[in-house]
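See structure below.
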Amino acid sequence: MSTINDFSGYQPTWCPGCGNWAIGVAVKTALVQLGFDPSSVTAVFGIGCSGNANDFLNCYGFHALHGRAIPAAIGIKIANHKMPVLVLSGDGDSYGEGGNHFLHACRGNHDLTVIIHDNCVYGLTTGQAAPTAKKGYVSKSTPNGIIENPVNPLALALTQGATFVSQAFAGDTPQLIDIIKKAVRHKGFSLVNVLQPCISFNKINTYGYYKEHTYKLDNDYKRDDYRQALEKASELNEEKFPLGVIYEVDRPDFTGELPQLDGEVLTEKKRFTGFDLLIKEFI
Amino acid sequence: MEKTLWKIGGEAGYGIMTTGLAFSKIASRSGYRLFDCTQYPSLIRGGHNTYEVVFSEGEVSSTKKKVDCLICLNKETYDLHKTRLHKESLVIFDPDDVNAGDEGKKIPVPFKKIINELAGQAIMANTVALGASVAALGGQEGVLMKVLEDQFLDKGKTVIELNQKFAKAGYDYVVKNYRSSVKHSLQGVTSKDEQLVITGNESFSLGSVMADCRVFVAYPMTPASSVLTVLAGWQNKTGMVVRHAEDEISVINTAIGASFAGARSAVATSGGGFALMTEGISLSGITETPLVVFIAQRPGPATGMPTWTEQGDLLFTVHSGHGEFPKIVLSAGDVEEMLDLTLQAYNLADIYQTPVFVLSDMLLSESHRTLSKTTVDRLVKEYSVNRGKSLAKTNGERYLRYRLADDGISARLPVGTKGFYYQANSYEHLEDGHTTEESSTRKQQVDKRQKKAEAYIKNDFRPPRIYGDIDSETVFVTWGSVKGSVLAAMEALASFGKKTALIHFTHLYPLDENRIKPFFSKEKRYILVENNSQGQLGKLLRQETGIEIREKLLKYDGRFFWPEEIVDYVNNK
């Protein structure tokens with residue numbers, strides 16, 4: 001049985017009070033409670049404050065390019081589909097720079113647990129507006145207020161085919177741990193959108209703001225109702241943030257649809273040598 | 001050795017490509033060597049499509065100007081290509097559509113009437129014409145029928161018999177009406193060797209399977225697309241996972257992820273798609289993740305001319321990716337080189353843990369050529385998959401992914417190995433993979449990566465190959481598919497008594513100055529021949545070795561070199 005210490009790498013460099021701390025602890029706790037050890041998990045990191053967790057989390061890790069954590073994770077999953085693969089990424093990373101990859105990964109139902117640190121701001125580049133920032137948000141890059149509407153991550157994931165869509169709050173670690181565990185257990189594309197206050201650069205979306213604007217889904221909430229899930233997702237328009245698993249259904253994941261991968265993992269298969277089968281097409 | 005050129009032309013969408021390939025297989029199975037090429041606009045319907053096949057008892061490396069048998073499926077074909085006819089050329093056409101002039105010998109075949117009599121569709125004209133042309137060149141009916149059977153095997157008996165019926169009608173019409181005009185160039189010769197009729201793209205695909213590539217990712221882009229479709233078509237047999245991703249950025253990052261996790265991985269694209277991939281090239285460089293990148297060049301910039309040929313991306317490839325890191329650039333000049341270099345590329349990527357490029361161009365990518373099965377079998381037999389330095393575990397010490405080494409190569413440990421973990425990092429990193437910005441470590445890691453290029457020069461670089469007598473007064477210098485046109489030109493020049501040689505590069509970067517300079521040490525006429533406007537190999541040679549080739553024959557109109565224009569250039573300049 002592993003411990004949180006086994007998963008703990010370097011001391012994080014996040015700002016004191018940053019929501020990332022809670023996410024870091026929650027990821028490690030969830031992995032311990034699921035019975036994993038650092039050899040049995042792969043995590044792919046984006047670029048940003050969230051991605052810096054590469055040095056703080058012990059496991060097989062790939063620190064990808066900005067926006068490209070998801071396609072790298074897809075490749076890892078294809079090569080070794082029995083290995084749990086987590087993606088730790090930010091709102092700018094996966095909803096901005098890598099938005100195209102995000103929506104196509106939902107379509108493919110790739111079996112990844114995508115944990116997005118959603119703080120509505122670019123922290124590592126010191127405070128420009130992120131794609132999830134509320135319309136009118138004033139930042140260094142949008143001094144007159146951001147013109148665009150915010151991305152709706154939950155609605156985007158739902159409409160593009162994700163089979164597990166959830167939202168959590170960095171101010172509620174126990175619920176966050178529970179949701180991450182469910183997301184990792186789910187076979188298919190799992191989104192955990194974590195509302196995460198950036199105490200250094202975002203003076204709007206604070207802990208207090210989220211305490212006021214979030215609420216937990218009822219215990220009897222039906223997770224497999226697509227229309228209801230869409231309604232929950234659209235509450236963003238009224239600045240309401242439901243917390244919990246808003247949608248979960250079973251659908252074969254990408255590697256599950258590949259006949260090549262119905263047995264052992266790709267890297268362990270015997271080399272194909274029936275070249276004459278192919279050569280005869282050219283004769 | 002006498003060469004015969006068969007050519008068919010017509011509107012796009014009328015089966016020109018299928019008919020051309022059928023003719024190539026007929027020539028190959030009749031014992032001949034061949035080279036074919038196709039020209040077509042970037043359209044699905046309409047526009048002028050052509051397909052030409054040169055066959056001979058001896059090796060054929062290029063097309064030629066004079067057409068010996070021209071099939072005109074429409075009037076435009078005759079008008080556009082009549083200048084390539086000679087007195088003995090056979091011209092096959094439907095007299096109801098085409099009013100052929102005086103060039104060549106006319107073989108009118110009423111395609112439409114024959115089709116109507118057999119209650120067929122207009123598109124069958126190409127099949128009737130194929131049969132007619134095989135008869136006109138003295139080819140065997142049995143070979144024609146067997147090739148059609150194999151070509152339509154997947155489509156079932158009805159389709160096979162339908163095609164055979166129309167081909168036979170064309171064949172019989174010519175035998176009956178033009179017995180005295182029939183040639184013997186396709187009558188068949190004995191060949192010891194079974195031949196593959198294969199394109200550059202198919203050769204890369206076959207090589208990838210033979211090299212045990214397990215993950216292939218691509219986004220369609222002419223003229224690289226057929227690598228994706230061929231490998232996807234084979235995946236149920238080979239077990240390779242083929243992903244058609246949402247864009248080229250996803251393509252390269254997926255392949256890098258798969259390679260990090262232990263699967264041999266490759267991508268294929270053309271210039272525009274490669275431009276999107278370059279950040280990933282840099283990622284492969286710093287994370288030291290093996291990757292094979294196939295680039296089928298076409299004329300740029302931007303969308304350029306999608307279905308035409310050019311060698312415009314050599315320097316782009318050599319300099320691709322931000323930052324400084326080693327990369328290995330290979331380039332094939334024909335289908336045999338493609339197979340050989342593809343096999344090498346996968347081993348080099350694993351040995352040096354860095355991106356390895358295999359360059360092609362539209363002419364090589366889409367032209368078929370015969371390739372002896374004995375050669376293919378030999379290459380496979382001689383090949384062993386070399387995954388480079390790796391460990392199953394360590395001797396109790398801590399595993400360091402980026403451990404410093406004399407040759408710069410650190411051993412890999414499979415992701416998922418119990419009792420270990422490590423990270424590959426796109427940031428500059430310590431030997432163990434953790435991020436660093438410390439000055440001495442940074443310098444150590446840059447030097448470590450660069451040492452891999454030095455190790456490649458020492459252990460695996462291949463100097464250019466020499467064709468002809470290197471002591472000749474005139475020496476051509478090439479890379480890529482231009483080789484084929486130059487070899488054909490050299491053959492023609494030799495027949496006039498002019499001896500020439502060729503220095504042909506396949507390992508293009510990095511270059512070993514010491515092993516290249518001796519080839520350029522004499523005062524003689526070196527001619528750089530490239531399908532681009534800037535003489536990019538010339539620039540690269542000057543940059544890397546100080547060699548300067550002053551005389552350049554460059555072509556950049558999207559068309560390949562005719563051997564005849566190279567001959568004219570050499571004789572008249």
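Proteins get letters first, then strands, A, B, ... in listed order; numbering begins at 1 in each. Predicted, not measured: the structure shown is a model, and the values here were computed from it.
- A salt bridge between A/Arg68 and B/Glu248 is absent, with no side-chain N of the basic residue lying under 4.0 Å from a carboxylate O of the acidic one.
- Contact annotation for B/Arg243: only side-chain heavy atoms (C-beta onward) come within less than 4.5 Å of a heavy atom of chain A.
- The neighbour count for B/Glu438 CD, taken as heavy atoms of other residues, nucleotides or ligands under 6.0 Å away, is above 12.
- Residues in residues 256-279 of chain A take part in these salt bridge (charged side-chain N to carboxylate O under 4.0 Å, His left out) pairs, two or more places apart or across chains: A/Asp276-B/Lys373.
- Contacts of B/Lys25 with chain A are made by side-chain atoms alone, with heavy-atom separations under 4.5 Å and no backbone atom involved.
- Contact count versus chain B (heavy atoms, under 4.5 Å) is highest, among A/Ile74, A/Leu266, A/Thr273, for A/Leu266.
- Interface residue B/Val380: only side-chain heavy atoms are found under 4.5 Å from chain A.
- A/Phe275 CZ to B/Lys237 NZ: the interatomic distance, rounded to the nearest 0.5 Å, is 13.5 Å.
- At a 4.5 Å heavy-atom cutoff, the contact between A/Pro259 and chain B is made by side-chain atoms alone.
- Under a cut-off of 6.0 angstrom, the local environment of NZ in B/Lys418 is crowded, with over 12 non-hydrogen atoms contributed by other residues, nucleotides or ligands.
- Atom CD1 in B/Ile249 sits 8.0 Å away from atom CG in A/Asn100 (nearest 0.5 Å).
- Between B/Gln235 and A/Gln260, some side-chain heavy-atom pair lies under the 4.5 Å cut-off.
- If you measure heavy-atom distances from A/Leu258 to chain B, the contacts under 4.5 Å come from the side chain alone.
- Heavy-atom neighbours of chain B within the stretch residues 41-53 of chain A, taken at a separation under 4.5 angstrom, comprise A/Thr42, A/Ile47, A/Asn52.
- There is no contact between B/Ser259 and chain A, counting heavy-atom distances below 4.5 Å.
- Every residue two or more places apart in sequence or in another chain was checked for a side chain to side chain donor-acceptor pair (under 3.5 Å) with B/Asn236, and none qualifies.
- In this structure, the portions of B/Ser250 lying under 4.5 Å from any heavy atom of chain A include both its backbone and its side chain.
- Counting heavy atoms from C-beta outward, A/Tyr60 and B/Thr417 have side chains that approach closer than 4.5 Å.
- Between chain B and the residues A/Lys280, A/His104, A/His101, the most heavy-atom pairs under 4.5 angstrom are made by A/His101.
- Note on A/Lys82, A/Glu281, A/Lys77, A/Arg107: by heavy-atom pairs under 4.5 Å with chain B, the leading option is A/Glu281.
- Note on A/Val265, A/Ile78, A/Asn58, A/Asp37: by heavy-atom pairs under 4.5 Å with chain B, the leading option is A/Asn58.
- Looking only at side-chain heavy atoms (C-beta outward), B/Val415 and A/Met83 come within less than 4.5 Å of each other.
- For the residue pair B/Ala258 and A/Ala79, the shortest heavy atom distance occurs at O-CB, 3.6 Å.
- Residues A/Phe62 and B/Phe260 place their aromatic rings such that the two centres sit under 6.0 Å apart.
- Crowding of B/Tyr219 atom OH: a count of heavy atoms from other residues, nucleotides or ligands under 6.0 Å not exceeding 12.
- Contact residues of residues 422-431 of chain B toward chain A are B/Tyr422, B/Gln423, B/Ala424, B/Asn425, B/Ser426, B/Tyr427, B/Leu430 (heavy-atom distance under 4.5 Å).
- Across B/Gly262, B/Gly239, B/Gly416, B/Pro414, the residue that shares the most heavy-atom pairs under 4.5 angstrom with chain A is B/Gly416.
- Here the side chains of A/Ile283 and B/Gln195 are not in contact, with every heavy-atom distance at 4.5 Å or above.
- Considering only heavy-atom pairs separated by less than 4.5 Å from chain A, the leading option among B/Thr287, B/Thr238, B/Ile198, B/Ile252 is B/Thr238.
- For A/Leu261, the part lying under 4.5 angstrom from a heavy atom of chain B is the side chain only.
- Put simply, of A/Asp55, A/Asn54, A/Thr267, A/Ile76, the one with the most heavy-atom pairs under 4.5 Å next to chain B is A/Asp55.
- For B/Glu246, the parts sitting under 4.5 Å from any heavy atom of chain A are the backbone and the side chain alike.
- Proximity to chain A (any heavy atom under 4.5 Å) is restricted, for B/Arg29, to the side chain, taken from C-beta onward.
- Ranked by heavy-atom pairs shorter than 4.5 Å toward chain A, the options B/Ser282, B/Gly419, B/Gly257 are led by B/Gly257.
- Interface residue B/Val376: only side-chain heavy atoms are found under 4.5 Å from chain A.
- B/Glu194 places none of its side-chain heavy atoms less than 4.5 Å from the side chain of A/Phe282.
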